[in-house]
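Worksheet: the structure to be examined is printed underneath.
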Amino acid sequence: MASSDLKSAALLDQMKTHFSTDAGKALTKKIGLVYQIHIAPKKMGFNEEIYVVDLKKGEVTKGPYEGGKPDATFSFTDPDFFKIATGKMNPQIAFMRGKMKVKGSLSAAQKFTPDIFPKPSKM
């Protein structure tokens, strides 16, 4: 992936590796959905970087989804995405507080939980 100033970019990079493990392969079988994620450095809608987390193929790519429409599209700020991905913020609460915007299937969106992300390694 191209270099990025976003804290979340490193996490999405780790996710790529995670999908090649047995735990990651089990996730793709279990969920089988495509998520498009818009991450903004400070304010949603401005200077967003777009990533696709494909839980059908088990891959993470930078740029908009090109295989039709994603099952759900999310918008976050970088710090909020990082909190949700690391389990420090509940996705439902983030949605209710306006920290996360969702387009597309709500049933697909409800499967977007911290469980799909690799646990951050302790440094």
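Only this structure's heavy atoms are used, side chains among them; waters, hydrogens and symmetry mates stay out.
- A donor and an acceptor atom, one from each side chain of D71 and S105, are nowhere located under 3.5 Å apart.
- Side-chain atoms of Q36 do not come within 3.5 Å of backbone N or O of T73 as any donor-acceptor pair.
- Both F95 and V53 belong to a single network of hydrophobic side chains, linked directly or stepwise wherever heavy atoms of I, L, V, M, F, W or Y lie under 4.5 Å apart.
- Within the 3.5 Å criterion, the main-chain N or O of V34 finds no donor-acceptor partner in the side chain of D54.
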For salt bridge (charged side-chain N to carboxylate O under 4.0 Å, His left out), just list the numbers for K16 and E59, CA-CA rounded to whole Å, side-chain angles, deciding distance to a tenth of an Å, and then say yes or no. CA-CA 6 Å; K16 246 185 194 175; E59 55 188 33; over 6 Å; no
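- Residue V102 is grouped with residue I84 when hydrophobic side chains (ILVMFWY) are merged at heavy-atom distances under 4.5 angstrom, including chains of intermediate members.
- Nearest heavy-atom pair across K111 and I116 is O-CG2, 4.0 Å.
- Pairs engaging residues 21-44 under the ring pair (Phe, Tyr, Trp, His ring centres under 6.0 Å) rule: Y35-F74, Y35-F112 [sequence neighbours left out].
- Remark: side-chain polar atoms of D78 are not paired, donor with acceptor, to backbone N or O of L6 under 3.5 angstrom.
- You'll find the side chain of L33 stays beyond 4.5 Å of the side chain of K56, heavy atoms only.
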Stepwise, does the side-chain contact (heavy atoms from CB on, under 4.5 Å) test hold for I50 with K62? CA-CA 6 Å; I50 300 172; K62 189 169 181 179; over 6 Å; no
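- Contact check for P91 versus M100: side-chain heavy atoms found under the 4.5 Å cut-off.
- Within the 6.0 Å centre-distance limit, the rings of F117 and F81 are counted as a close aromatic pair.
- Taking 4.5 Å as the limit, some side-chain heavy atom of L27 sits within range of a side-chain heavy atom of H18.
- Two residues are said to be in side-chain contact when any heavy atoms from C-beta on lie closer than 4.5 Å; Y51 and T61 fail this criterion.
- Think of F46 as one node in a network of Ile, Leu, Val, Met, Phe, Trp and Tyr side chains linked at under 4.5 Å; it has no links at all.
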